[in-house]
Amino acid sequence: MAALLARLCRAAPGLRAARLPLAAAAAAFPSLRRPSALPGSARPLSFSASELVRAAPGPLQPYLRLMRLHQPAGTWLLYLPCTWSIGLAAQPGCLPDWQMLSLFGVGAVLMRGAGCTINDMWDRDFDKKVARTANRPLAAGDISTFQSFVFLGGQLSLALCVLLCLNYYSILLGAASLSLVITYPLMKRITYWPQLVLGLTFNWGALLGWSAIKGSCEWSVCLPLYLAGVMWTLVYDTIYAHQDKRDDIIVGVKSTALQFKEDTKQWLSGFSLAMLLSLCMAGMNCDQTFPYYSAVAAIGAHLAHQIYTLDIDKPEDCWKKFASNRTVGVLLFIGIVLGNLWKQKDSKDVEEPLENRFLQSRLQRVS
């Protein structure tokens, strides 16, 4: 054992000397430092929107970020009111039209992207002064105003192609929303209620989805659904606006967050109650069933928890609460679909006894 220790001690200087070329090689070739970075090694795959944008070709990335493809929460919030309307317009006992859901999904991506492009073109000077938005492509100088204008034209042209796939009533109804899309970014300079204008814009699909299926709007259903969406937008976008309230004061733009201040939770509670009542009215006017009202109750509980636990002075908590509103929209869509399928079950329960009575009466006559 002593001989072995002595031999190792004599070999130690050689080992230290051997480490020096290896360290120099590692410094010269950083990819050799971690085995996971060796050529041919598999990188972990990620299918998140932000990873897909980062994986896109370099010249394309500023345009994808301009249309907020890396932040899909807003696209979901635009798309979900469309799904509600399409679901409510389905025939009793039937699933929603999946082709129409897909078409509106494409339209939501394009129109949300166009809206973000218009917003950034209006706000490029403001965005430079706000830490959260200073790295947006226009504010950072990654693309020019002219390039963004051409890109906007492309998005609107594709969105028009989607719109032309609908009936004439829906084409006119969809075109009417363009004025809201263009003027919304200006509202923060004029009024403390830009979130209301955003609600009117973002929930247009609550009208358009029904008309795309039925050929016109049933206002007793569509208007309460539209109002519910507007109230919902006032909830989540007021929460979102609290992230930027300090910067907004410095820059000089307005929002409901600055209007409500410490009374925000009371206002959000009022908007949530109005949303729930409007959803109940829309459900009653199209003969919705138990699953639908269960979903509305679950939405009420979600909003109550969201508002109760909200910390308006913590931007990270505001973002978390804002993003959780996708759950609200998905819950309602599921409730609409299940409620519509439940109608078939009810109709069978009623029709089968009637058929049995008819057969019995026929048999009695024959006998």
Side-chain angles (χ1 to χ4, degrees), residues 73-74 76-78 80-81 83-85 88 184 187-188 191-206 221-246 248-249 253-285 288 290-336 339:
W76 277 105
L77 296 174
L78 177 63
L80 284 165
T83 69
W84 304 344
S85 192
L88 286 174
Y184 157 69
M187 293 299 108
K188 68 185 74 172
T191 176
Y192 280 99
W193 291 82
Q195 280 70 28
L196 176 60
V197 183
L198 179 67
L200 296 173
T201 308
F202 251 49
N203 294 281
W204 204 259
V221 177
C222 293
L223 278 182
L225 188 67
Y226 183 56
L227 178 61
V230 173
M231 294 297 105
W232 181 43
T233 303
L234 280 166
V235 172
Y236 67 67
D237 207 56
T238 297
I239 294 173
Y240 183 89
H242 271 284
Q243 295 180 102
D244 299 329
K245 56 188 175 183
R246 294 181 180 86
D248 288 347
I249 293 171
V253 298
K254 303 175 175 66
S255 71
T256 49
L258 297 178
Q259 176 72 20
F260 302 154
K261 299 178 183 177
E262 298 303 319
D263 294 330
T264 291
K265 290 191 177 185
Q266 290 90 316
W267 281 93
L268 297 184
S269 300
F271 296 145
S272 298
L273 180 60
M275 176 190 180
L276 297 173
L277 291 175
S278 298
L279 289 176
C280 289
M281 184 180 296
M284 287 188 292
N285 289 337
Q288 268 295 339
F290 175 74
Y292 174 84
Y293 295 106
S294 298
V296 172
I299 288 168
H302 187 286
L303 290 172
H305 178 266
Q306 185 181 139
I307 294 168
Y308 180 75
T309 59
L310 173 66
D311 188 340
I312 60 174
D313 295 319
K314 288 186 177 179
E316 63 275 11
D317 187 59
C318 292
W319 170 258
K320 181 180 177 181
K321 296 297 194 301
F322 163 77
S324 74
N325 277 277
R326 181 174 65 176
T327 303
V328 172
V330 172
L331 275 175
L332 183 58
F333 177 65
I334 292 172
I336 289 170

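Quick caveat: nothing in here was measured; it's all calculated off a predicted structure.
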Can you give me the closest heavy-atom contact between Pro291 and Gly339, atom names plus distance? CB-N, 3.6 Å
Determine the interplanar angle of the Trp204 and Tyr226 rings, folded into 0 to 90°, and report it as parallel if under 30°, tilted if 30 to 60°, perpendicular if over 60°. perpendicular
For Met187, is there any backbone N or O sitting under 3.5 Å from a side-chain donor or acceptor partner on Thr191? no
pair Thr256-Tyr192: side-chain heavy atoms closer than 4.5 Å: no
With the side chain counted from C-beta on, respond yes when Val328 and Met275 share a heavy-atom pair under 4.5 Å apart, and no when they do not. yes
Please work out which of the three classes, parallel, tilted or perpendicular, describes the rings of Phe271 and Trp267, given edges at 30° and 60°. tilted
When rounded to the nearest 0.5 angstrom, what is the spacing between CZ in Phe202 and CG in Leu78? 5.0 Å
Working for side chain to side chain contact (heavy atoms under 4.5 Å, CB included), residues Ser255 and Gln195: CA-CA 7 Å; Ser255 71; Gln195 280 70 28; 3.9 Å; yes
Using only atom types and a distance under 3.5 Å, with no angle test, would you say the side chain of Asn285 pairs donor to acceptor with the backbone of Met281? yes
Quick one: are Leu77 and Trp232 in side-chain contact, heavy atoms under 4.5 Å? yes
Compare every heavy atom of Ser272 with every heavy atom of Val235, then report the nearest pair and how far apart it is. CG2-OG, 3.7 Å
Do Leu279 and Pro224 have side chains that approach each other closer than 4.5 Å (heavy atoms only, starting at C-beta)? no
What one should report as the nearest heavy-atom pair of Leu258 and Ile249 is CD2-CG1, 3.7 Å
For Leu331 and Ala298, work out which heavy atoms get closest and say how close. CD1-CB, 4.3 Å
Do Leu273 and Met231 pass the side chain to side chain contact (heavy atoms under 4.5 Å, CB included) test, and can you show the C-alpha distance, the side-chain angles, and the key distance before you say yes or no? CA-CA 9 Å; Leu273 180 60; Met231 294 297 105; over 6 Å; no
Nearest-0.5 Å distance, CG of residue Leu268 to CG of residue Leu234: 9.0 Å
Using a 6.0 Å cut-off, check whether atom CH2 of Trp193 has over 12 heavy atoms from anything other than its own residue. yes
Can you check whether Tyr240 reaches Trp319 side chain to side chain, under 4.5 Å on heavy atoms? yes
Looking at Lys261, I'd like to know if its NZ atom is crowded, meaning that more than 12 non-hydrogen atoms belonging to other residues, nucleotides or ligands lie closer than 6.0 Å. no
Between Asp311 and Asp317, is there a donor-acceptor pair closer than 3.5 Å when you use the side chain of the first and the backbone of the second? no
Take Leu225 and Ser278 through the side chain to side chain contact (heavy atoms under 4.5 Å, CB included) test and state the conclusion after the steps. CA-CA 6 Å; Leu225 188 67; Ser278 298; over 6 Å; no
Flag side-chain contact, heavy atom, 4.5 Å: Asp248 against Lys254: no
Val253 and Asp244, any side-chain heavy atoms less than 4.5 Å apart: no
What closest approach, in Å, do Thr201 and Val197 show between heavy atoms, and which atom pair accounts for it? OG1-O, 2.8 Å
Residue pair Thr327 / His302, side-chain donor-acceptor N/O under 3.5 Å: no
If you measure from CG on Leu276 to CG on Leu303, what distance do you get to the nearest 0.5 Å? 6.5 Å
Option passing side-chain contact (heavy atoms from CB on, under 4.5 Å) with Leu310 (candidates Lys320, His242, Lys321, His305): Lys321
Does a side-chain N-to-carboxylate-O contact under 4.0 Å join Asp313 and Lys245? yes
Does any N or O in the side chain of Ser85 come within less than 3.5 Å of the main-chain N or O of Ala206, such that one atom is a donor and the other an acceptor? yes
Does any part of the side chain of Gln306, heavy atoms only, come nearer than 4.5 Å to the side chain of Ile239, both counted from C-beta? yes
Heavy-atom closest contact (Gly283 atom, Tyr293 atom, distance): C-OH, 3.2 Å
